[in-house]
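Everything below concerns the one structure shown next.
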Amino acid sequence: MVRESIREMGKVAIGRVVLTNREHIIALEAPDKGLVGMLLRCPYEVRSEEEYFDEIQDVKVTKDMLDLAKHIVNQKSGTSSPDRFEDHYETALVELINSKRSGKPITPKERPRSENVVDLMEALRRGGGREGAEEVGQEAAEGRRLAKGNADADRRQKQAKKAAAKKPAARQRKSA
């Protein structure tokens, strides 16, 4: 009855639901014959994009690079089907449960060893001469600098999440 009325009126119902020991605000829509629920965020959970993207420098992309990227995307594009994906975690968990049920001993699986490790700098010194190795060394240094910047950004995001996690606790203390 409620589903039909909100569908006919073009409205969305707002409600509360508890998931994983926490109350959430939910919006319920009524498309066709069903109900679709979407979790809504509280204002303290919504962050400005400047917090995350402000320090990222603008990159000038040349037309050639953009054309190359478009070519790669076109080459890799295709149709997708959920049947093509597998939840490896769930599969491993089911195997573990079945092994335990049948009384087999549980042993951790060995990780595959990578024996084909190549020292890129040494290979370049032997094959491409010193100049090529220096260029790659400079590119590697630039990559390390960018990686450090990403690590700093990750650290700031973690700090922001910790601060956001503390805010609900502070609100609860005020109201209790």
Side-chain angles (χ1 to χ4, degrees), residues 15-29 31 34-42 44-47 49 51-53 55-56 59 68-128 132-173 176:
R16 297 174 193 267
V17 63
V18 175
L19 299 171
T20 63
N21 300 325
R22 183 170 171 238
E23 185 178 83
H24 297 273
I25 306 296
I26 188 170
L28 292 172
E29 292 181 279
L35 272 176
V36 175
M38 289 182 286
L39 292 180
L40 302 178
R41 301 286 180 195
C42 294
Y44 67 86
E45 294 176 305
V46 179
R47 300 284 180 244
E49 73 253 11
E51 285 183 50
Y52 301 103
F53 305 119
E55 294 182 18
I56 297 175
V59 177
L68 178 61
K70 286 179 181 178
H71 175 73
I72 292 170
V73 169
N74 285 331
Q75 288 288 318
K76 299 294 181 182
S77 292
T79 58
S80 179
S81 170
D83 298 338
R84 293 178 47 198
F85 299 99
E86 179 184 348
D87 185 347
H88 298 288
Y89 177 79
E90 183 179 350
T91 303
L93 186 60
V94 168
E95 287 176 11
L96 179 71
I97 291 169
N98 289 337
S99 295
K100 195 161 186 154
R101 277 186 186 159
S102 64
K104 295 179 184 173
I106 307 299
T107 57
K109 292 184 179 179
E110 277 192 42
R111 292 185 179 183
R113 293 187 180 173
S114 178
E115 295 183 17
N116 189 18
V117 178
V118 177
D119 183 353
L120 183 59
M121 292 301 287
E122 184 60 33
L124 285 170
R125 282 187 193 108
R126 278 187 267 131
E134 287 174 1
E135 288 177 22
V136 170
Q138 289 171 351
E139 290 176 6
E142 177 67 14
R144 283 191 297 272
R145 186 186 66 74
L146 292 173
K148 182 184 181 304
N150 290 341
D152 290 343
D154 290 346
R155 180 181 44 76
R156 284 191 298 278
Q157 283 182 344
K158 286 179 185 176
Q159 289 172 344
K161 286 181 183 178
K162 284 181 184 177
K166 290 179 182 178
K167 285 185 180 181
R171 283 189 180 176
Q172 289 173 357
R173 277 189 237 122

Fill in the blank from the handout: Rounded to the nearest 0.5 angstrom, the CD-CD1 distance for Glu95 and Ile97 is 11.0 Å

Exercise for the section: Mind listing the closest non-hydrogen atom pair of Leu28 and Gly37 along with its distance? Expected result: CD2-CA, 3.7 Å

Completion exercise
All heavy atoms of Glu45 vs all of Leu40, minimum pair found to be OE1-O, 4.5 Å

Handout entry: Gap separating the CD1 atom of Ile26 from the CZ atom of Arg16, nearest 0.5 angstrom
Key = 12.5 Å

Practice task
First locate atom CZ of Arg41, then atom CZ of Arg47, and finally report the distance between them rounded to the nearest 0.5 Å.
Solution key: 11.5 Å

Practice task
Locate the shortest heavy-atom distance separating Arg84 from Thr79; write the atom from each residue and the value.
Solution key: NH1-O, 3.1 Å

Completion exercise
So NZ of Lys76 and NE2 of His71: to nearest 0.5 Å the spacing works out to 10.0 Å

Practice task
For Thr91 and Glu86, work out which heavy atoms get closest and say how close.
Solution key: OG1-OE2, 3.0 Å

Practice task
Supply the atom-to-atom distance Leu93 CG to Asn98 CG, rounded to the nearest 0.5 angstrom.
Solution key: 9.5 Å

